[in-house]
Amino acid sequence: ELTAALQSLPRAAAHYQALGKLTVGVDASHFAKRYESGVLCLENLTPHQQRQLAKCQGSEASLHITAPAGAGKTFVALHFLLAILEDKTDREKHVLFAVKNLPLAVFVAKWVARRIDNNRRRKGILKRLHLLFKPFDQPHVLTMVGTNLKLSHVSRRDSYDLIVIDEAHHIFLDDQLRAAIQSYEGKRQMLLSDVSQGLHEGLSFPEDLLHVELTEVVRSSKRVVSA
């Protein structure tokens with residue numbers, strides 16, 4: 001549309017005339033939808049990510065995954081929590097995924113849902129994936145009603161098999177959010193944090209965490225897109 005508008009402007013025969021003030025509006029919604037669709041389709045971990053996931057799965061300890069933006073912290077965590085939710089030896093395992101914003105929480109549930117082809121199993125697993133976002137007062141579940149998704153409140157469990165805390169470097173820096181998330185009990189925790197310079201200043205994480213580090217930046221991230 002912009003190209004057509006520019007081409008329709010009259011031009012002097014001998015000289016190009018100044019266009020004057022030109023205002024361009026950009027709607028990012030189409031890009032955002034295409035980007036989300038592309039990320040939802042991501043399946044395979046890189047060899048480096050596979051090694052770090054194996055390190056996580058080879059331990060019973062709580063975990064702290066650190067990485068630069070775009071290295072796939074959340075992607076590795078998704079594979080880890082999906083394996084727990086799909087554990088055929090215990091179909092009562094529950095995972096709590098905590099993140100600051102609602103859209104990412106919904107994305108996590110949609111990513112999990114796309115990887116389960118059986119409708120009955122999909123519904124059962126989504127019920128056991130609790131989503132927590134600001135102000136962290138009550139967990140939610142995403143259910144499928146026909147082809148639509150519905151977000152509903154759900155009672156918190158006395159204890160979760162796994163609590164994943166995304167962007168822990170931001171959550172733990174906020175005393176109120178940190179207290180809120182720490183009020184949830186879990187057998188294991190998985191903290192995801194960015195190693196960008198300055199983000200960990202003044203932060204103290206639990207000391208009993210197994211440190212897992214991702215070092216290879218492999219895909220676009222929110223920060224890269226913003227830049």
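All values reported here derive from a predicted model rather than from experimental measurement. Both backbone and side-chain heavy atoms feed into the values below; hydrogens, waters and symmetry mates do not.
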Practice task
Please report the C-alpha distance between E86 and I116 in whole Å, then the side-chain angles of each, then the deciding distance to 0.1 Å, and finally whether the side chain to side chain contact (heavy atoms under 4.5 Å, CB included) criterion is met.
Solution key: CA-CA 9 Å; E86 288 193 305; I116 306 167; 4.1 Å; yes

Handout entry: N/O donor-acceptor pair under 3.5 Å between R128 side chain and R91 backbone
Key =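 A pair under 3.5 Å: yes.
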
For a quick test of reading the model, state the closest non-hydrogen atom pair linking [X] to [Y] and the distance between them.
| X | Y | result |
| --- | --- | --- |
| F133 | K100 | CB-O, 4.0 Å |
| L53 | V76 | CD1-O, 3.9 Å |
| I171 | L177 | O-CB, 3.9 Å |

Practice task
Return yes when atom CD of Q176 has more than 12 non-hydrogen atoms of other residues, nucleotides or ligands closer than 6.0 Å, and no otherwise.
Solution key: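 Check fails, neighbour count at 12 or below.
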
Handout entry: D90, CG: over 12 other non-hydrogen atoms inside 6.0 angstrom
Key =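 Yes - once you tally the heavy atoms of other residues, nucleotides and ligands closer than 6.0 Å, there are more than 12.
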
Heavy-atom distance under 4.5 Å between the side chains of [X] and [Y], does that happen here?
| X | Y | value |
| --- | --- | --- |
| P206 | L191 | yes |
| L126 | T143 | no |
| F107 | N101 | no |
| F80 | I65 | no |
| P47 | R51 | yes |
| F136 | Q182 | no |
| E185 | D158 | no |

Exercise for the section: If the plane angle is over 60° it's perpendicular, under 30° parallel, otherwise tilted; pick one for H130 and Y160. Expected result: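 Perpendicular.
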
Practice task
Would you check, one step at a time, whether the test side chain to side chain contact (heavy atoms under 4.5 Å, CB included) holds for L151 with L131?
Solution key: CA-CA 9 Å; L151 194 66; L131 308 172; 4.3 Å; yes

Problem - Face-on cation placement of R115 at W111 ring, 6.0 Å and 45° thresholds - result: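 Yes, R115 sits over the ring of W111.
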
